[in-house]
Chemist: 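Take this structure first; my questions come after.
Below, each value reflects all heavy atoms present in this structure, side chains not excepted, and no hydrogens, waters or symmetry copies.
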Amino acid sequence: QVQLVESGGGLVQPGGSLRLSCAASGFTFSISTMSWYRQAPGKERELVATITTGSRTNYGESVKGRFTLSRDNAKNTVYLQMNSLKPEDTAVYYCNSRGIYWGKGTLVTVSS
């Protein structure tokens, strides 16, 4: 059974940082492209970042230079380091595998 479990969300002030984690199980993680998406209230879900099996990364325009996606194949986990957070980064962040499997999401709120 495929499971993606996100953690690390919370409330942070503008300019602050958070690190999200996504722990995966039930599939061969090391050969799977992993992604983070986010959905803000009243908006469509958007791609935040993707990391390939070779650890090549791609970022949405709104987070380039601020977010960093990495993976640890030994731990079946991906990490999204988010720096210089802005109020517009407030959203539920979802982990995705292969464009098919989804986690339940973790809420990030950026507010003073």
Side-chain angles (χ1 to χ4, degrees):
Q1 181 181 355
V2 173
Q3 280 195 311
L4 298 171
V5 180
E6 302 98 334
S7 61
L11 173 64
V12 63
Q13 292 188 341
S17 298
L18 281 176
R19 189 176 81 155
L20 305 184
S21 300
C22 171
S25 61
F27 63 98
T28 307
F29 178 83
S30 61
I31 61 170
S32 299
T33 293
M34 301 295 295
S35 301
W36 283 94
Y37 287 76
R38 68 185 182 186
Q39 188 166 19
K43 295 188 177 181
E44 293 187 354
R45 193 170 293 189
E46 66 171 344
L47 177 66
V48 175
T50 296
I51 187 165
T52 69
T53 56
S55 293
R56 286 184 301 170
T57 53
N58 185 49
Y59 298 93
E61 285 297 324
S62 61
V63 306
K64 278 184 180 178
R66 300 188 297 122
F67 291 11
T68 302
L69 181 56
S70 60
R71 66 190 298 156
D72 185 337
N73 288 340
K75 295 182 178 180
N76 286 4
T77 301
V78 290
Y79 303 98
L80 183 67
Q81 178 66 44
M82 306 187 297
N83 298 329
S84 302
L85 283 162
K86 305 175 181 179
E88 51 263 45
D89 294 318
T90 295
V92 178
Y93 285 70
Y94 297 92
C95 183
N96 175 276
S97 172
R98 307 177 184 176
I100 300 173
Y101 306 112
W102 294 92
K104 293 183 178 181
T106 185
L107 176 63
V108 172
T109 303
V110 185
S111 175
S112 54

Chemist: Are the side chains of Met82 and Asp89 in touch, meaning some heavy atoms are under 4.5 Å apart?
Modeler: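 No. Closest side-chain heavy atoms not under 4.5 Å.
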Chemist: Would you check if Val78 and Ser21 make a side-chain contact, meaning some heavy-atom pair closer than 4.5 Å?
Modeler: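 With C-beta onward as the side chain, the pair stays apart.
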Chemist: Show your working on side-chain contact (heavy atoms from CB on, under 4.5 Å) between Gln13 and Val110 and close with a plain yes or no.
Modeler: CA-CA 5 Å; Gln13 292 188 341; Val110 185; over 6 Å; no
Chemist: How long is the gap from CD on Gln81 to OG on Ser70, to the nearest 0.5 Å?
Modeler: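 Here the interatomic distance stands at 8.5 Å.
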Chemist: Go through it in stages, so that I can follow the logic: the residues are Thr109 and Val12, the test is side-chain contact (heavy atoms from CB on, under 4.5 Å), and I'd like the CA-CA distance, side-chain angles, deciding distance and then a yes or no.
Modeler: CA-CA 6 Å; Thr109 303; Val12 63; over 6 Å; no
Chemist: Does the side chain of Cys22 reach to within under 4.5 Å of the side chain of Val5, using non-hydrogen atoms?
Modeler: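 In short, these two side chains do not touch, never coming nearer than 4.5 Å.
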Chemist: Is any side-chain heavy atom of Val48 closer than 4.5 Å to one of Phe67?
Modeler: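 The answer is yes, as the side chains (C-beta and beyond) meet within the 4.5 Å cut-off.
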Chemist: Tell me if a side-chain donor or acceptor on Tyr93 pairs with a main-chain N or O of Ser7 at a distance below 3.5 Å.
Modeler: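 No: the side chain of Tyr93 does not pair with the backbone of Ser7.
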Chemist: Near Glu44 CD, under 6.0 Å, is it more than 12 heavy atoms from other residues, nucleotides or ligands?
Modeler: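 Atom CD in Glu44 is not crowded, with 12 or fewer foreign heavy atoms closer than 6.0 Å.
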Chemist: Spell out, as yes or no, whether a donor-acceptor pair under 3.5 Å connects the side chain of Asn96 to the backbone of Tyr101.
Modeler: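 Between the backbone of Tyr101 and the side chain of Asn96 there is a qualifying donor-acceptor contact (under 3.5 Å).
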Chemist: Using a 4.5 Å cut-off on heavy atoms from C-beta on, say whether the side chain of Val108 contacts that of Arg38.
Modeler: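 Side-chain contact under 4.5 Å: no.
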Chemist: I need the minimum non-hydrogen distance between Ser17 and Asn83, along with the two atoms involved.
Modeler: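 So the minimum-distance heavy-atom pair works out to OG-OD1, 2.9 Å.
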Chemist: Does any pair with a residue in residues 49-91 pass disulfide (SG to SG under 2.5 Å), and if so which ones, sequence neighbours excluded?
Modeler: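 Listed once each, the pairs would be none.
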Chemist: Do side-chain atoms of Arg66 reach the backbone of Ser84 as a donor and acceptor pair under 3.5 angstrom?
Modeler: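 At least one qualifying donor-acceptor pair exists.
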Chemist: Closer than 3.5 angstrom, by distance alone: can the side chain of Glu6 be matched with the main-chain N or O of Tyr94 as a donor-acceptor pair?
Modeler: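 Here the side-chain-to-backbone pair does not exist.
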Chemist: Let me see the working for Val2 and Ser25 under side-chain contact (heavy atoms from CB on, under 4.5 Å), right down to the final yes or no.
Modeler: CA-CA 6 Å; Val2 173; Ser25 61; over 6 Å; no
Chemist: Rounded at 0.5 Å granularity, tell me how far OG in Ser32 sits from CG in Asn76.
Modeler: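 So the gap between those two atoms works out to 9.0 Å.
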Chemist: What distance do Tyr59 atom OH and Lys64 atom NZ have between them, rounded to the nearest 0.5 Å?
Modeler: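 These two atoms lie 10.5 Å from each other.
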Chemist: Is the shortest heavy-atom distance from the side chain of Arg98 to the side chain of Thr33 under 4.5 Å?
Modeler: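 No, their side chains stay 4.5 Å or more apart.
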Chemist: Say you draw a straight line from CE of Met34 to OG1 of Thr50; how long is it, rounded to the nearest 0.5 Å?
Modeler: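 If I round to the nearest 0.5 Å, the distance is 10.0 Å.
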Chemist: Could you report the tightest heavy-atom contact between Leu47 and Ser35, atom names first, then the distance?
Modeler: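 In this case the closest contact between Leu47 and Ser35 is CD1-CB, 4.0 Å.
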Chemist: Can you name the closest pair of heavy atoms from Leu4 and Ala24 and give their distance?
Modeler: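 Smallest heavy-atom distance, with atoms named: CD2-CB, 3.6 Å.
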Chemist: Ile51 and side-chain contact (heavy atoms from CB on, under 4.5 Å): which partner among Leu80, Asn58, Thr57, Thr68?
Modeler: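 Option passing the side-chain contact (heavy atoms from CB on, under 4.5 Å) with Ile51: Thr57.
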Chemist: Without swapping roles, check the side chain of Thr106 against the backbone of Gly9 for a donor-acceptor pair under 3.5 Å.
Modeler: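 Yes; at least one donor-acceptor contact below 3.5 Å.
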Chemist: Go through Ser111 and Thr90 one step at a time and tell me if the side-chain contact (heavy atoms from CB on, under 4.5 Å) criterion holds.
Modeler: CA-CA 8 Å; Ser111 175; Thr90 295; 5.8 Å; no
Chemist: To the closest 0.5 Å, what do you measure between CH2 (Trp36) and CD (Glu46)?
Modeler: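 It comes to 14.5 Å.
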Chemist: Can a donor-acceptor pair be found, under 3.5 Å and without considering hydrogens, that links the side chain of Thr77 to the backbone of Lys75?
Modeler: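 Pair found, side chain donor or acceptor close to backbone of Lys75.
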Chemist: Less than 4.5 Å apart, side chain to side chain, heavy atoms only: is that true for Phe27 and Ile100?
Modeler: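 Side chain of Phe27 against side chain of Ile100, heavy atoms only: no contact under 4.5 Å found.
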Chemist: Answer with yes or no after comparing the ring centroid distance for Trp102 and Tyr37 against a 6.0 Å cut-off, counting only values under it.
Modeler: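 Distance test on ring centres: under 6.0 Å, yes.
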Chemist: Spell out, as yes or no, whether a donor-acceptor pair under 3.5 Å connects the side chain of Arg71 to the backbone of Thr52.
Modeler: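 Between the backbone of Thr52 and the side chain of Arg71 there is a qualifying donor-acceptor contact (under 3.5 Å).
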